[in-house]
Amino acid sequence: MSRFGAVDDQYDPHELEQRVFEYWDDVDAYEKTVEHRKDGESYFFVDGPPYTSGSAHMGTTWNKSLKDVYLRFLRMQGYDVTDRPGYDMHGLPIETKVEERLGFENKKDIEEFGEENFIQECKDYADEQLEGLQEDFKSFGVWMDWDDPYRTVSPEYMEAAWWGFSKAADRGLVEKGHRSISQCPRCETAIANNEVEYEDVEDPSVYVKFDLEDCGDDQGESPNGASGDEGPARSDGKIVIWTTTPWTIPANTFVAVDEDGDYVGVRAEKDGEEELLYVAEAKHEEVLKEGRYEEYEVVEELAGEELIGWSYEHPLADEVPDHVDAEGTLEVYAADYVDTHGDGTGLVHSAPGHGEEDFERGTELGFPIFCPVGGDGVYTAEAGKYEGQFVKDADEEITADLEDNGALLASGTVHHNYGHCWRCDTGILQIVTDQWFITITDVKDELLENIEDSEWYPSWARDNRFRDFVEEAPDWNVSRQRYWGIPLPVWTPENRDDDEDMIVVGTREELAERVDQDVDPDEVDLHKDTVDDLTITEDGTTYTRVPDVFDVWLDSSVASWGTLNYPDDDSRFDELWPADFILEAHDQTRGWFWSQLGMGTAAMGEIPYDKVLMHGHALDEDGRKMSKSVGNVVEPDEAIERHGSDAMRMFLLSANPQGDDMRFSWDEMGTMENHLRTLWNVFRFPLPYMRLDDFDPQETSLDDVDEDLELVDEWVLARLQSTKAEMTEHFEEFRQDRALEALLDFVVEDVSRFYVQAVRERMWEEEDSASKEAAYATIYRVLRETVALLAPYAPFISEEIYGTLTGDAEHPTVHMCDWPDVEAYWDDEELEEDVAILRAIEEAGANARQQAGRKLRWPVPRVVVAADDQRVVEAIERHTPLLEDRLNAREIELVSPEDRWGELNYSAEADMSKLGPAFGDRAGQVMNALNEARIDEPALEAIEDAVSDVLESDEEITEEMVSFVTETPEGVAGTAFGLNGDDRGVAYVDASLTDDIESEGYAREVIRRVQEMRKDLDLDVEERIALDLEIDDDRVATLVAEREDLLREEVRADEIGSLEVDDGARKEWEVEGVTMEIALEPLAAAEASD
RNA sequence: GGGCCAAUAGCUCAAUCAGGUUGAGCGCCACUCUGAUAAGGUGGAGGCUCUCGGUUCAAAUCCGAGUUGGCCCA
């Protein structure tokens, strides 16, 4: 780009961004920036891999924008940043998408299609989605290493997973186990608890009576011993359970009670028959009502422990002949998952072959684990009568059979939350199957210790949420009975599949060495279709591979070394690992934050990341989550279309990145675009003048013009230093939103609204002047550093401004710049405060003018400033001319704190922090009395008297309790000014008129209208004109005539007199009630027409 | 059902940790400026600080109970 070249009149984000994209491409901006930092200190960032299904939504866009802003910032600080993006490409979600595409319904379809073909389809689908995501991320300017992303399907990456798993196995943390897991019967695989989605559904609700057996017989055998020798004969009694899954009753093994709970025996009557029912005391009324009993009577009160050891008959004994009947089963036991006040009856049907808690308690009691259900949710032969039925379909028949057996107390339906498969939405089943686990519960203490080695932003995310999650976490089931995933690298002896003599392979090299077949370690693809056929023969035993693939969460859990291609490539691991920084949304506490901790600890004994920035989710404008079914999704593409990538990024980056959700807002995004427009206008304002004067920032630097700098120059430079300091501080605390706020405040408030206004006239000077050069050098420095500070947020506009300012003199791209340091030389806190005070006075003055009905264009004879403190006096004394100029006042009159302006009245304001302790509960009354008092002089006695009058009692008021405020007299308008909420004084504008003032006022009114007409005629700034002026009021005409020199100068009029207008304009105006006619004509035209 | 986080102007947020008469930006309305001009400036309106209790002379702030939303867990 050529320096100070022509730029667009208006900020057009789309054209600008397109130009910048092309420019980046032309000069290899990204590659150069990476190269530029290659000798810097290394910084290891690891990208949490998005899943390759669907396109980037607002949340992903926020996430990548955050990553981009921090990576750019770190680069500018000199770090050599690792920025390899990643993609999570395996797993059930993609399998189900592909199944949908191919019209498959179950695993059989896949087997028929062929494993190899299916895997290829999944790979193609994932690759396709990856391309889409890459394009999405590039479209809003994220700079990562797009040419070389890590892909969880590549052989190196899959090897990294194998290696991590084998390290965990080396530590004895891999085991095959019989566990209760969540099974999706459609996908025919175990799914992780965090893949279960809960939805409100209608399910059966059945109350079942289990007939008690005479407990005298097996009293001695009962492990917990209960005596049955008193009270009513229990052999005719029944215990009542409740369940929403009748299909689990065939597997009933025991009934659980709360040993400390209260239970009752109830004699109840229905249809002339009497029954003795046992339920929790708290639930008995509800249960009997459900059973529609006509009458009942509590005949017995028991503690839970008294029920222990009671035995009962299996309610489906005939239908399921193979039901559990081992020693000690079909009895009542204590279990801590029972709640006598919760849902149900206080007695819990327990089937260790299904429920997780039932399984644990059943195992503890040494019972056989009976699960007559296959992975497809169909009853096996063990289920007797129900064999071959899908379990949910059998609910009805089982309920009917219970009724026939006289075991059904009541049946109905209930609405409750029930788990569903996250991908195919099928209701999950709890069944016990064989699965492979990483037994992280064996290293729970180590996990909790390792958490301490990471630093989280915000810190509560680690100390509350994450720690709680880790404490509760069960062993990690890593096996899935599916196809599209990393195969488990486990080989077991033929015909045996336990973990006793397993071989766990860690690398492709090892695989090639140990397998019986010929395998090229550099060429082998590790997917299931390839490795399934490989066998290992050692010491005469042949080993075959376990057919499962890994839980997809295991894939990303190894990202901290997988992204380095470790162990295949060990060149950078020692230097870089563990990651310095990761950044994801809060749903990853249970996801990636957790899986990495688990895998890092199991494999390496360490947490694989140092710093974690945890952001929230992107919600819609009403604070609801964006969802396709609700139709409130805002697509990033639309945001870019409406406001441009820079504005969208700035909006996203203006949100707090620490834990809070972001509420989307079109309004706020529009505001960001406006701020960028302001910056654009500020930037393009000095360009024509600099170009005209051949200003060269390399020749004329700030140092060269140091002597000629004016107050505002020094001030804006001082503000720049504070802004840099503030931004750096915020960035280092991961609050880029606050850093952005500081920058925009500087650009909009200080540069645009104050500095540019203040230097305009200096830039218009036609002759060369030291002052003008100083202003050029100052604004150049301000803009040059501002775009560097803005570059991480808005990389496009920053690039264009930087290019126009620097031409070929600096880096090819703004993103190679160093993060601007604070220069102590320009730091000037005193000056910043002075100007802050002056601006407060100016603002108050403008307010007072409006009250007095005097426009800024009209001078006022004087402004009286009553200062509350010496600091304000100093500021005014140091900068009186500037203040006169900004207020358009002939004179500034300063009233120091110890004096007062005679024409004023006073009132007082109470300070509650002092009144409260002194007056206690009467403080409110005293405050009101104080605030309402009006007095002639600001004296304590006067206010004390006034308050005492109102309250009819003597009150002691001290100086610190009140501050006096002035009451404006007639004819003068006054407005208080202050800083940071503290009053610092009052500005009084004396708006009285004199001939001199009116003369200038009217002259300026004429000037403005001539300027407007010049603009309508589209005249060049330099163009000379002839002017005709007829004013209807003689006095005003005379007043204006007194300022003819000013008029000629300002509007570049060489001739004033009557003229015929040919190529010019003539117009009548109404000014303050006076009619005037103005005509003008460019001189060149006038001459030509002669 | 449990845990964590949030709730303040129409919108986005600050003030909450260390209690003392609630603030900013945007939007809206009015005025103003006019050589940055599809810009700029000034002012105004707009608040039972989610609800109910408690502690305190005094609560947006501390405590308790709820409501709503978000995430996580069951």
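Below, all heavy atoms of this structure are taken into account, side chains as well, without hydrogens, waters or symmetry copies.
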For the C1' atoms, the ones on B/rA38 and on B/rC13, what distance do you get once it is rounded to whole angstrom?
29 Å
Using the C1' atom as the point on both nucleotides, what is the distance between B/rC48 and B/rA7, in whole Å?
16 Å
A/Arg738 side chain: which of B/rG10, B/rA36, B/rA15 is closest?
B/rA15
Taking the minimum atom-to-atom distance to the side chain of A/Arg663, which one of B/rA36, B/rU12, B/rG3 wins?
B/rU12
Its dot-bracket string being built from Watson-Crick and G-U pairs below 3.5 Å, with | for another strand and [ ] for crossing, RNA chain B has the pattern (((((((..((((......[..)))).(((((.......))))).....(((((..]....)))))))))))).
Of the listed nucleotides (B/rG40, B/rG70, B/rA38), which one gets closest to any side-chain atom of A/Gln10?
B/rA38
Scan A/Gln757 against the nucleic acid and name what it touches under 4.0 Å (heavy atoms): base, sugar-phosphate only, or nothing.
base
For A/Arg1014, answer base if it contacts any base atom (sugar-phosphate contacts may also be present), sugar-phosphate if it contacts only those atoms, and nothing otherwise; contact means non-hydrogen atoms under 4.0 Å.
base
Is it the case that the side chain of A/Arg649 and the backbone of A/Tyr793 share a donor-acceptor pair, with hydrogens and angles ignored and the cut-off at 3.5 Å?
yes
Rounded distance (Å) that lies between atom P of B/rC13 and atom CG of A/Leu619
9 Å
What nucleic acid atoms does A/Thr671 come within less than 4.0 Å of, heavy atoms only: base, sugar-phosphate, or nothing?
sugar-phosphate
Hey, does the side-chain of A/Ser752 have a donor or acceptor N/O within less than 3.5 Å of a partner on the base of B/rA36?
yes
To the nearest angstrom, how far is A/His615 atom NE2 from B/rC4 atom P?
23 Å
Could you pull out all residues at least two apart from A/Ala618 that satisfy side-chain contact (heavy atoms from CB on, under 4.5 Å)?
A/Met58, A/Met662
Distance between P atoms of B/rU8 and B/rA15 (Å, rounded):
14 Å
How many whole angstroms separate atom CG of A/Asp737 from atom P of B/rA24?
20 Å
Any donor-acceptor pair, under 3.5 Å, between the side chain of A/Arg590 and the base of B/rC71, if you only look at N and O atoms?
no
Between B/rC11 and B/rU56, how far apart are the two P atoms, rounded to whole Å?
36 Å
Please enumerate all residues that pass side-chain contact (heavy atoms from CB on, under 4.5 Å) together with A/Glu584, with sequence neighbours excluded.
A/Asn63, A/Lys67, A/Gln588, A/Trp592, A/Phe593
Among B/rC5, B/rG3, B/rU12, which is the nearest nucleotide to the side chain of A/Ser665?
B/rU12
Integer angstrom distance from the P of B/rG20 to that of B/rA65:
25 Å
Sorted by chain and number, sequence neighbours left out, salt bridge (charged side-chain N to carboxylate O under 4.0 Å, His left out) with A/Glu357 holds for none
Selected nucleotide, minimal atom distance to A/Asn464 side chain, candidates B/rU12, B/rG10, B/rC5
B/rC5
Please tell me which of the listed nucleotides, B/rG40, B/rC5, B/rC72, lies nearest to the side chain of A/Arg465?
B/rC72
In terms of ring plane angle, is the pair A/Trp666 and A/His643 parallel, tilted or perpendicular, where the classes change at 30° and 60°?
tilted
From B/rA39, B/rG70, B/rA6, pick the nucleotide closest to the side chain of A/Asp661?
B/rG70
Separation of atom CE in A/Met614 from atom P in B/rG70, rounded to whole Å
16 Å
Select base, sugar-phosphate, or nothing to describe what A/Ser654 touches, counting heavy atoms under 4.0 Å on all strands.
nothing
By nearest atom, which of the nucleotides B/rG27, B/rC72, B/rC5 is closest to the A/Asp587 side chain?
B/rC72
Residue set satisfying salt bridge (charged side-chain N to carboxylate O under 4.0 Å, His left out) with A/Asp620, at least two apart, ordered chain then number -> none
Name the nucleic acid region contacted by A/Trp680, choosing base, sugar-phosphate or nothing; use a 4.0 angstrom heavy-atom cut-off, strictly under.
nothing
side-chain contact (heavy atoms from CB on, under 4.5 Å) partners of A/Ala461, counting only residues at least two apart:
A/Trp456, A/Pro458, A/Met614
